[in-house]
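Beneath this line is the structure, given in C-alpha coordinates, with notes to follow.
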Amino acid sequence: MFTITIAHQVPAPRSAPSIVPAPRPEAADIGVTRHGSHALVVVCGELDGASAPRLQAVLRDCADRGEHITMDLECVRFIDGAGLRPLAEADACARRQGRRFTIVSAARPVRRVMGLTDLGHLVESVVST
(Lines give C-alpha, C1' and ligand atoms only; values in the text may rest on other atoms or scores of the structure.)
Protein backbone atom coordinates (compact mmCIF):
# COMPACT_ATOMS: atom_id res chain seq x y z
CA MET A 1 0.00 0.00 0.00
CA PHE A 2 1.36 3.42 -0.93
CA THR A 3 0.80 6.64 0.99
CA ILE A 4 1.15 9.73 -1.15
CA THR A 5 1.00 13.36 -0.10
CA ILE A 6 0.71 15.79 -2.99
CA ALA A 7 0.04 19.45 -3.59
CA HIS A 8 -3.34 18.95 -5.30
CA GLN A 9 -6.28 16.79 -4.29
CA VAL A 10 -6.38 13.25 -5.65
CA PRO A 11 -9.22 11.16 -4.26
CA ALA A 12 -8.17 8.03 -2.41
CA PRO A 13 -8.37 4.89 -4.54
CA ARG A 14 -11.33 2.62 -3.83
CA SER A 15 -9.86 -0.53 -5.27
CA ALA A 16 -6.51 -2.19 -5.74
CA PRO A 17 -4.60 -1.08 -8.83
CA SER A 18 -4.85 -3.18 -11.94
CA ILE A 19 -1.41 -4.58 -12.69
CA VAL A 20 0.14 -5.07 -16.11
CA PRO A 21 2.55 -7.94 -15.35
CA ALA A 22 6.18 -7.66 -16.37
CA PRO A 23 7.13 -10.02 -19.22
CA ARG A 24 10.60 -10.63 -17.71
CA PRO A 25 11.88 -10.45 -14.11
CA GLU A 26 13.94 -7.29 -14.64
CA ALA A 27 11.14 -5.45 -16.50
CA ALA A 28 8.76 -2.95 -14.94
CA ASP A 29 5.44 -3.72 -13.29
CA ILE A 30 2.88 -1.02 -14.04
CA GLY A 31 -0.19 -0.53 -11.88
CA VAL A 32 -3.08 1.87 -12.43
CA THR A 33 -5.66 2.97 -9.88
CA ARG A 34 -8.51 5.13 -11.16
CA HIS A 35 -10.87 7.37 -9.26
CA GLY A 36 -13.08 9.77 -11.17
CA SER A 37 -10.94 11.85 -13.51
CA HIS A 38 -7.69 10.89 -11.77
CA ALA A 39 -5.31 8.02 -12.46
CA LEU A 40 -2.45 6.96 -10.20
CA VAL A 41 0.18 5.09 -12.21
CA VAL A 42 2.75 3.16 -10.16
CA VAL A 43 5.85 1.76 -11.86
CA CYS A 44 8.28 -0.68 -10.24
CA GLY A 45 11.39 -2.22 -11.76
CA GLU A 46 13.32 -1.09 -14.82
CA LEU A 47 11.93 1.56 -17.13
CA ASP A 48 13.82 1.08 -20.38
CA GLY A 49 13.33 0.26 -24.04
CA ALA A 50 11.65 -3.04 -23.20
CA SER A 51 9.09 -1.63 -20.74
CA ALA A 52 8.60 1.89 -22.16
CA PRO A 53 6.05 0.82 -24.82
CA ARG A 54 3.80 -0.70 -22.13
CA LEU A 55 4.04 2.48 -20.03
CA GLN A 56 3.34 4.58 -23.11
CA ALA A 57 0.20 2.51 -23.80
CA VAL A 58 -1.01 2.93 -20.20
CA LEU A 59 -0.38 6.70 -20.26
CA ARG A 60 -2.11 7.09 -23.65
CA ASP A 61 -5.12 5.21 -22.29
CA CYS A 62 -5.24 7.61 -19.34
CA ALA A 63 -4.99 10.57 -21.73
CA ASP A 64 -7.73 9.13 -23.96
CA ARG A 65 -9.95 8.92 -20.87
CA GLY A 66 -9.17 12.59 -20.11
CA GLU A 67 -7.62 11.74 -16.74
CA HIS A 68 -5.23 13.79 -14.63
CA ILE A 69 -2.18 11.53 -14.22
CA THR A 70 -0.17 11.14 -11.03
CA MET A 71 2.95 8.95 -11.29
CA ASP A 72 4.75 7.12 -8.49
CA LEU A 73 8.23 6.06 -9.61
CA GLU A 74 9.64 5.34 -6.14
CA CYS A 75 10.24 1.66 -6.98
CA VAL A 76 11.97 2.28 -10.32
CA ARG A 77 15.55 1.10 -9.94
CA PHE A 78 16.70 1.95 -13.49
CA ILE A 79 15.57 4.41 -16.16
CA ASP A 80 17.13 5.38 -19.48
CA GLY A 81 16.24 7.68 -22.36
CA ALA A 82 13.66 5.25 -23.69
CA GLY A 83 11.99 5.26 -20.27
CA LEU A 84 11.90 9.05 -20.18
CA ARG A 85 10.12 9.36 -23.52
CA PRO A 86 6.65 8.21 -22.35
CA LEU A 87 6.90 10.63 -19.41
CA ALA A 88 7.78 13.57 -21.66
CA GLU A 89 5.02 12.67 -24.13
CA ALA A 90 2.43 12.28 -21.36
CA ASP A 91 3.41 15.67 -19.92
CA ALA A 92 3.10 17.36 -23.33
CA CYS A 93 -0.26 15.67 -23.99
CA ALA A 94 -1.60 16.68 -20.56
CA ARG A 95 -0.59 20.29 -21.16
CA ARG A 96 -2.38 20.31 -24.54
CA GLN A 97 -5.52 18.88 -22.92
CA GLY A 98 -5.39 21.22 -19.92
CA ARG A 99 -4.82 18.27 -17.58
CA ARG A 100 -2.20 17.63 -14.90
CA PHE A 101 0.72 15.23 -15.22
CA THR A 102 2.66 14.94 -11.98
CA ILE A 103 5.38 12.72 -10.59
CA VAL A 104 4.94 12.68 -6.82
CA SER A 105 7.62 10.22 -5.87
CA ALA A 106 10.78 9.17 -7.64
CA ALA A 107 13.67 6.91 -6.68
CA ARG A 108 17.24 8.20 -6.77
CA PRO A 109 18.05 6.81 -10.27
CA VAL A 110 14.96 8.54 -11.67
CA ARG A 111 15.73 11.86 -9.95
CA ARG A 112 19.31 11.71 -11.20
CA VAL A 113 18.38 11.11 -14.86
CA MET A 114 15.52 13.61 -14.80
CA GLY A 115 17.84 16.18 -13.24
CA LEU A 116 20.09 15.87 -16.29
CA THR A 117 17.18 16.60 -18.64
CA ASP A 118 14.52 19.27 -18.83
CA LEU A 119 12.04 16.92 -17.13
CA GLY A 120 13.15 17.58 -13.55
CA HIS A 121 10.29 20.07 -13.12
CA LEU A 122 7.79 17.19 -13.27
CA VAL A 123 8.80 15.83 -9.86
CA GLU A 124 6.70 17.80 -7.36
CA SER A 125 7.38 15.91 -4.16
CA VAL A 126 10.24 13.48 -3.72
CA VAL A 127 10.34 10.69 -1.18
CA SER A 128 13.98 9.80 -0.46
CA THR A 129 15.25 6.24 -0.83
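For reference, positions follow the sequence shown, starting with 1.
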Rounded to the nearest 0.5 Å, how far does OG of Ser105 lie from CG of Asp72?
-> 4.5 Å

Roughly how far apart are Ile103 CD1 and Leu122 CG, rounded to 0.5 Å?
-> 5.0 Å

Between OG on residue Ser51 and CD1 on residue Ile79, distance to nearest 0.5 Å | 8.5 Å

Minimum heavy-atom distance between Arg111 and Ala106, given as atom pair plus value = NH1-O, 2.8 Å

Indicate the atoms forming the closest heavy-atom contact of Val76 with Val43, along with that distance.
-> CG2-O, 3.4 Å

Point-to-point distance, once rounded to the nearest 0.5 Å, from CG of Leu55 to CG of Leu84 | 10.5 Å

Would you check if Val110 and Met71 make a side-chain contact, meaning some heavy-atom pair closer than 4.5 Å?
-> no

If you measure from CG on Asp80 to CG on Leu47, what distance do you get to the nearest 0.5 Å?
-> 7.5 Å

With sequence neighbours left out, what residues match Arg85 under salt bridge (Lys or Arg N to Asp or Glu O under 4.0 Å)?
-> Glu89

How far apart are the closest heavy atoms of Cys93 and Ala63, and which atoms are they?
-> SG-CB, 3.7 Å

Of all heavy-atom pairs linking Ala39 and Cys62, the shortest is CB-SG, 3.8 Å

Please determine which of Ile69, Ile30, Asp64 meets the side-chain contact (heavy atoms from CB on, under 4.5 Å) test together with Leu59.
-> Ile69

What one should report as the nearest heavy-atom pair of Gly36 and Glu67 is O-OE2, 4.3 Å

Quick one: salt bridge (Lys or Arg N to Asp or Glu O under 4.0 Å) partners of Asp61, sequence neighbours excluded?
-> Arg34, Arg65

Identify the two heavy atoms, one from Leu87 and one from Phe101, that lie closest to each other, and give their separation to 0.1 Å.
-> O-CE2, 3.7 Å

Rounding to 0.5 Å, atoms CE (Met114) and CG (Leu119) come to a distance of 5.0 Å

